[in-house]
Amino acid sequence: MKPTVLLIHGFPLDHAIWDHQVKALEPVCRVVAPDLRGFGGSTGPPGLWTMEDFARDLLRLMDGLGVDRFVPVGHSMGGYILFAIHRIAPRRLAGAALVASRPTADTPEMRGKRGESAASVLERGVSVMEESMMPRLFAPDVPHPIAEKVRSAIRRASPLGVAAALRGIAARPDATPQLARFDFPTLVVSGQQDAIVPAGEAEAMARAIPAAKLVCCRRSGHMPMVEEPEIVSNSLVELACSLS
Ligand code: MLT
């Protein structure tokens, strides 16, 4: 049977970052690429949304589609959510992929910064995130249309969603102890020029996962799925085919 791959976008983006991967994966598996609550075309209640809240939304989505086991693919915050899915329902993971993500929790300093960013997004809008993140998302030679596509995704996020997710990201636990229990095929993708999740962190994560395959994207920053889309798509197709 064809596996189901669930593409989980990072912060503060939406499903459009996966366009290349959706096209590449569709011939070999069922692909689900939602907008998380508060992002793209989805809404949610005000407050603090834990990674578990996002995970439960996605588990409900998969239940509604009649899917039991699936392969979550998490980009950055999407990876934090993947770890929450693993904490809640480990049996449902048939495989996994972590793209430019990390298992560790925030430092106290980082938590403080996220709180400040949440307050300024509620006051001034998502342009605050656009200004702070756009210069840090890509390798220096990123083509303009690619950067603009990502900028548009940031502009589609709601201030309420961005603030609630920032607070939830800050509250996430350390997932490092879970890595040894990843007893399914796992792909780890790192951007060698990533200014947000340094490649060394993603590589250390791959070493801690028993059945991990590491793919290093030499010309990518934090967005390998749009900066080197063929490499990411081919690696995901290979993972999906190995599970069918
Ligand atoms: C993301 O890309 O999802 C965020 O940059 C993650 C983070 O800030 O930790």
Side-chain angles (χ1 to χ4, degrees), residues 6-18 21 33-40 42 48-55 57-58 72-85 97-121 126 128-139 142 146-147 149-158 161-176 188-191 193-202 204-205 217 220-227 232:
L6 171 65
L7 299 170
I8 313 172
H9 64 77
F11 171 91
L13 306 168
D14 69 15
H15 74 279
I17 62 162
W18 299 115
Q21 288 70 41
D35 287 340
L36 297 169
R37 57 159 90 181
F39 299 94
S42 296
L48 178 163
W49 301 340
T50 63
M51 297 303 104
E52 269 72 6
D53 289 331
F54 287 109
D57 288 347
L58 294 175
V73 175
H75 168 238
S76 201
M77 177 185 79
Y80 311 157
I81 295 169
L82 187 158
F83 289 127
I85 295 173
L98 291 151
V99 180
S101 195
R102 55 156 71 90
T104 46
D106 276 359
T107 59
E109 189 197 349
M110 193 63 197
R111 279 191 197 117
K113 280 194 190 146
R114 304 245 200 224
E116 285 164 22
S117 301
S120 35
V121 166
V126 288
V128 171
M129 274 349 278
E130 183 185 329
E131 282 156 25
S132 67
M133 290 193 77
M134 279 301 287
R136 303 170 63 226
L137 284 177
F138 308 100
V142 66
I146 289 179
K149 182 181 164 90
V150 173
R151 186 193 297 280
S152 309
I154 297 178
R155 289 182 177 172
R156 287 192 288 272
S158 74
V162 169
L166 276 168
R167 297 185 185 120
I169 291 174
R172 76 189 190 280
D174 182 11
T176 308
V188 174
V189 178
S190 76
Q193 303 180 57
D194 192 335
I196 295 177
V197 177
E201 278 192 51
M205 174 170 73
C217 295
S220 292
H222 190 57
M223 303 293 301
M225 80 297 288
V226 293
E227 295 182 273
V232 177

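Just so we're clear, the structure is a prediction, and the values are computed from it rather than from any experiment. Just so you know, ligand 1 is whichever comes first in the structure, and atom 1 is the first atom listed for that ligand. For the numbers below, each heavy atom of this structure counts, side chains included, while hydrogens, waters and symmetry mates do not.
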- [ ] Give the residue, atom name and distance (to 0.1 Å) of the protein heavy atom nearest atom 2 (O) of ligand 1.
- [x] His222 NE2, 2.7 Å

Open item on the list: For the backbone of Met223 and the side chain of His75, can you confirm whether one donor and one acceptor N or O come within less than 3.5 Å of each other?
Closed with: no

TODO: Without swapping roles, check the side chain of Arg172 against the backbone of Thr104 for a donor-acceptor pair under 3.5 Å.
DONE: yes

Task: Proximal ligand 1 atoms for Gly10, defined as those under 4.0 Å from one of its heavy atoms - done: 3 (O)

TODO: With the side chain counted from C-beta on, respond yes when Val232 and Val73 share a heavy-atom pair under 4.5 Å apart, and no when they do not.
DONE: no

Open item on the list: If you measure every N or O of Ile196 against every N or O of ligand 1, does any of those distances drop under 3.5 Å?
Closed with: no

TODO: Sequence neighbours left out, what passes side-chain contact (heavy atoms from CB on, under 4.5 Å) with Ser220? Give chain and number order.
DONE: Cys217, Pro224, Glu227, Glu228

- [ ] For residues Leu36 and Trp49, determine if any side-chain heavy atom of one lies less than 4.5 Å from a side-chain heavy atom of the other.
- [x] no

Task: Smallest separation among heavy atoms of Ile169 and Met51, with atom names - done: N-CE, 3.5 Å

Open item on the list: Looking only at protein heavy atoms, which one is nearest to atom 6 (C) of ligand 1, and what is the separation?
Closed with: Ser76 OG, 3.1 Å

Task: Test of proximity, Phe11 against ligand 1: N or O pairs below 3.5 Å - done: yes

Task: For atom 9 (O) of ligand 1, closest protein heavy-atom neighbour - done: Tyr80 OH, 2.5 Å

TODO: With heavy atoms of Met77 as the reference, note each atom of ligand 1 found under 4.0 Å away.
DONE: 1 (C), 3 (O)

Open item on the list: Considering both backbone and side-chain atoms of His75, is one of its nitrogen or oxygen atoms within less than 3.5 Å of a nitrogen or oxygen in ligand 1?
Closed with: no

Task: Proximity flag Arg114 to ligand 1, non-hydrogen atoms under 4.0 Å - done: yes

- [ ] Keeping the roles fixed (side chain from Arg114, backbone from Gly168), state whether a donor-acceptor pair exists under 3.5 Å.
- [x] no

- [ ] For atom 5 (O) of ligand 1, grab the closest protein heavy atom and report residue, atom and distance to one decimal in Å.
- [x] Met133 CE, 3.4 Å

